[in-house]
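Okay, structure first, notes after.
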Amino acid sequence: MNLLAEIRQCFAPALESLGVQPADYLGMIRPAQDKKFGDYQVNFAMGLAKALGKAPREIAGSLVETTNLSGLCSQVEIAGPGFINLRIDDEFLRTALTTAVSDDRLGVAASSNPLTIVIDYSSPNVAKPMHVGHIRSTVIGDALARIARFVGHHVISDNHLGDWGTQFGMIIYGYKHFRDQAAYRANPVQHLGDLYRRVRQLGDYHSACSKAPQLAQQIEQLKVQFAQMKSAPEPEDKGERKQKAKEIQRLEKKLDELNEELAALRQKISAIENVAELKQLADEHARINQSVLEETAKLHAGDADNLAMWREFLPSCMDDINSIYKRLDVGFDQVLGESFYHDQLQAVVDDLKNKGMAEVSDGAMCVFLDNFETPMLIQKSDGAFLYATTDLATIKYRVETWSPDIVLYVVDHRQQEHFDKLFAVAARWGYATQDFRHVSFGTVLGEDGRPFKTRSGDTVGLAGLLDEAERKAKGVLIAMQKDSSELVDEAEIERIAQIVGIGALKFADLSQHRSSDYTFSYDKMLELKGFTATYAQYLYARVQGIYRRDNIDPASFRTQPKPFLFEHPLERELGIMILQVSETLDEVLVDYRPNLLAQYLFELTQTFFKFYDQCPVLTADSEKLKASRLQLCDLAARTIRLGLGLLGIGVVDKM
RNA sequence: GCGUCCGUAGCUCAAUGGAUAGAGCAUCGGUCUUCGGAACCGAGGGUUGCAGGUUCGAGUCCUGCCGGGCGCGCCA
């Protein structure tokens with residue numbers, strides 16, 4: 001039962017009779033912001049008043065008169081400037097709750113308009129270790145896929161792996177020059193990772209060596225400029241003085257930035273030069289960066305040796321990634337990486353060329369677009385393709401293969417301009433009816449508040465983060481068990497710690513608005529109280545505890561529901577909140593915002609614990625009341641299980 | 001420089017243009033021989049960066065400024 005949808009439906013005829021498009025206004029019916037106003041509020045009378053030239057309260061009155069809410073709402077009030085406050089009829093609530101108790105879907109109807117939705121998420125670079133920067137796309141994308149699927153859409157989740165890029169050139173180079181056959185045999189995943197890091201380190205060293213002097217020179221120039229600016233006489237004009245101060249500030253900041261960059265380069269240099277063996281290696285591989293690109297080019301050109309190595313390495317790299325997915329309980333319907341599209345790229349370029357959309361500029365094949373200063377490059381001057389080319393080929397493939405209505409790209413916001421261009425090209429190319437959407441999210445920042453740099457070497461590995469989450473949850477669990485009667489064995493603690501720890505981690509991410517930057521903090525990500533998954537999981541465990549205590553089999557009332565009673569205001573409040581899961585899921589999909597579901601689950605849990613504090617369940621005054629309250633507990637717990645499950649988070653019977 | 005996103009309580013964050021801007025954490029105080037204290041109740045804490053504008057109504061929309069993140073042709 002979707003209460004909000006029911007109410008909206010009721011108001012449509014009245015709006016139509018006023019001569020306006022109901023769709024423009026029905027969205028303004030919302031859950032009441034403050035419970036004292038009722039359950040739902042209608043906010044469009046004020047807006048309509050202007051358009052129709054009547055007093056808002058008068059409009060509200062006529063809307064109420066011509067709208068049939070009987071059976072649905074027991075109380076309709078016009079308040080303030082023209083709000084219409086609605087209170088759902090208790091009997092209607094009881095019926096809806098009774099239906100929910102006996103329904104596996106808790107009364108949530110499947111969408112009457114199922115769409116085909118492709119969701120592209122996670123998409124890590126194979127062969128590079130996954131780090132915390134990958135968690136957002138993975139966790140948000142997975143949650144959206146689960147939610148959309150539950151709501152009734154046909155979802156195709158697709159992991160667009162970076163499995164065809166320079167990183168394989170690096171591994172191939174490393175394998176050819178640095179491999180330790182025994183170590184490789186013993187643990188291919190780890191050894192390939194080592195080879196990657198070694199090549200990376202040497203390559204970075206050489207880049208740093210060539211960049212550092214230029215950078216140092218640039219800094220010297222800036223310093224001179226800065227000194228001149230500072231010693232120049234103060235302008236008399238106030239505006240110019242301000243301008244000057246600003247310019248000085250800007251230069252200072254720029255200097256700081258460059259100095260920091262230089263320090264990072266020098267660190268990379270000294271890391272090599274301080275170790276004689278490394279220095280020797282670096283000297284022996286002076287052309288390493290060019291060679292890596294050559295190995296990559298050979299792979300792309302179909303070189304038999306490199307292709308064979310790629311085929312050999314890929315499964316090992318995937319093992320690493322899949323173990324993370326397994327721990328996160330994340331899956332995909334399709335895993336079509338960049339390599340899958342490799343042989344379709346030339347055709348894409350040719351097609352765009354033939355259609356007059358692409359032209360050569362400065363040696364590179366470009367698609368120029370209105371409203372964009374820079375073109376989209378689809379082929380480099382050396383003939384190599386770019387990720388834009390792959391993205392276009394991917395669009396073509398997805399549309400031709402799955403005919404999606406919507407294609408979501410769960411990718412961080414730094415790529416916004418890329419997607420703006422990509423979608424613009426796609427539309428001109430003939431894919432204009434699909435709703436391509438960049439579901440962007442904020443950058444993962446370090447605890448110092450600065451963006452997490454992929455190249456900064458000391459990133460937190462994702463595997464280590466998961467370990468830490470589970471370790472901390474286990475510590476809390478063991479501490480809790482000391483004075484609890486509900487003892488559980490060692491293996492059980494391990495299992496529970498996993499679900500609680502990973503759940504906390506995921507929830508920390510999903511509970512935040514996806515567009516805001518994500519400040520990485522162990523404390524925050526592993527928090528186990530307050531606005532967390534743990535709090536909601538605790539609700540579930542407590543309800544299971546009630547069943548255990550009184551040997552209750554919930555199946556008994558799920559098949560034969562008893563009447564719901566509202567003797568305490570919190571029983572009714574909890575009942576409404578339970579039913580609102582349906583409208584919450586719809587809300588999530590309007591703008592692809594899982595945090596709305598997280599917020600809902602938290603509020604539901606808060607309401608439950610208030611209810612539970614004030615309404616005795618097992619010791620209720622009558623059997624009828626006990627039965628009713630047990631059903632509320634059951635519904636609350638099942639709603640939490642469903643909602644957390646849709647966020648990719650599990651529940652446990654004891655914790 | 002151009003583009004784009006952001007600025008809300010001490011901290012971390014909420015709030016499709018709606019009524020008195022809300023949570024969590026932290027702090028302080030209460031509930032307690034408990035239906036498993038990972039709980040419940042209460043208190044303090046705000047000129048929503050600044051200044052204008054639009055409107056019946058602005059944290060939200062528009063303009064300008066201040067401060068910050070990110071991006072800006074052959075990386076992905």
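Convention: sequence-line order gives letters A, B, ...; per-chain numbering from 1. Being a predicted model, the structure only gives us computed values, none of them experimental.
- In this structure, the nucleotide among B:A15, B:G36, B:A76 sitting nearest to the side chain of A:Gln415 is B:A76.
- With sequence neighbours left out, A:Gln580 forms a side chain to side chain donor-acceptor pair (under 3.5 Å) with A:Tyr40.
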Validation: residues 373-383 of chain A side-chain donor-acceptor distances under 3.5 Å, sequence neighbours left out:
residue: A:Thr374; atom: OG1; partner: A:Lys421; partner atom: NZ; Å: 2.8
residue: A:Gln379; atom: NE2; partner: A:Gly383; partner atom: O; Å: 2.9
residue: A:Asp382; atom: OD1; partner: A:Ala384; partner atom: N; Å: 2.9

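- Residue A:Asp550 is out of contact with every strand shown, counting any heavy-atom pair closer than 4.0 Å.
- The side-chain hydrogen bond (donor to acceptor under 3.5 Å, both in side chains) pairs that include a residue from residues 21-38 of chain A number zero, where partners must be two or more places apart or lie in different chains.
- Residue A:Ala49 is out of contact with every strand shown, counting any heavy-atom pair closer than 4.0 Å.
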Legend entry - Working for side-chain hydrogen bond (donor to acceptor under 3.5 Å, both in side chains), residues A:Ser440 and A:His438: CA-CA 6 Å; A:Ser440 71; A:His438 176 206; 4.7 Å; no
Inset, instruction - Let me have a per-nucleotide readout for nucleotides 2-7 of chain B, 5' to 3', with B, S or -, counting only protein heavy atoms under 4.0 Å. - result: S-S---
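- With sequence neighbours excluded, no residue forms a salt bridge (charged side-chain N to carboxylate O under 4.0 Å, His left out) with A:Asp391.
- Nearest nucleotide to the side chain of A:Glu338, out of B:A76, B:A39, B:U16: B:A76.
- Looking at A:Tyr387, its side chain comes within 3.5 Å of the base of B:A76 through a donor and an acceptor atom.
- Annotation: salt bridge (charged side-chain N to carboxylate O under 4.0 Å, His left out) contacts of A:Arg593 (sequence neighbours excluded): none.
- The CG atom of A:Asp412 sits 16 Å away from the P atom of B:G69 (whole-angstrom rounding).
- Closest to the side chain of A:Met46, from the set B:C13, B:A76, B:C56, is B:C56.
- Put simply, the side chain of A:Ser123 does not reach to within 4.5 Å of the side chain of A:Val411, judged on heavy atoms.
- Comparing B:G73, B:G69, B:C74 against the side chain of A:Asp517 picks out B:G69 as the nearest.
- Annotation: side chain of A:Ile395 is not in contact with side chain of A:Val425 (no heavy-atom distance under 4.5 Å).
- Listed by chain and residue number, nothing satisfies the salt bridge (charged side-chain N to carboxylate O under 4.0 Å, His left out) test with A:Asp517 (two or more places apart in sequence, or in another chain).
- Distance from the side chain of A:Ile546 is smallest to B:C35 among B:A76, B:A38, B:C35.
- For A:Val476, the side-chain atoms get nearest to B:A38 when compared with the rest of B:G18, B:A38, B:A76.
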Inset, instruction - Report, as a single string ordered 5' to 3', how protein heavy atoms within less than 4.0 Å touch nucleotides 19-33 of chain B: B base, S sugar-phosphate only, - not at all. - result: BB--SSSS-------
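- For A:Tyr535, a side-chain nitrogen or oxygen approaches OP1 or OP2 of B:C40 to under 4.0 Å.
- Nearest nucleotide to the side chain of A:Ala364, out of B:U55, B:C74, B:A38: B:C74.
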Legend entry - Paired and unpaired positions of RNA chain B as dot-bracket, Watson-Crick or G-U wobble under 3.5 Å, | denoting a partner strand: (((((((..((((....[...)))).(((((.......))))).....(((((..]....))))))))))))....
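- Within the 4.5 Å cutoff, the side chain of A:Lys529 has no heavy atoms near those of the A:Tyr535 side chain.
- Classification of the A:Tyr612-A:Phe608 ring pair by plane angle, with boundaries at 30° and 60°, yields parallel.
- The A:Lys610 side chain lies nearest to B:C41 when the options are B:C75, B:C13, B:C41.
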Mind listing the side-chain donor-acceptor pairs of residues 497-506 of chain A below 3.5 Å, one per line with the distance, residues two or more places apart or on another chain?
residue: A:Lys506; atom: NZ; partner: A:Leu328; partner atom: O; Å: 2.5
residue: A:Lys506; atom: NZ; partner: A:Gly648; partner atom: O; Å: 2.7

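- A:His418 comes within 4.0 angstrom of nothing in the nucleic acid, heavy atoms only.
- Of the residues in residues 611-624 of chain A, those lying under 4.0 Å from RNA chain B by heavy-atom distance are A:Tyr612, A:Asp613, A:Cys615, A:Pro616, A:Val617, A:Leu618.
- A search for salt bridge (charged side-chain N to carboxylate O under 4.0 Å, His left out) contacts involving A:Glu470 returns A:Arg327, not counting sequence neighbours.
- With distances taken from any side-chain atom of A:Arg548 to the nucleotides B:G36, B:C56, B:A39, the minimum falls on B:G36.
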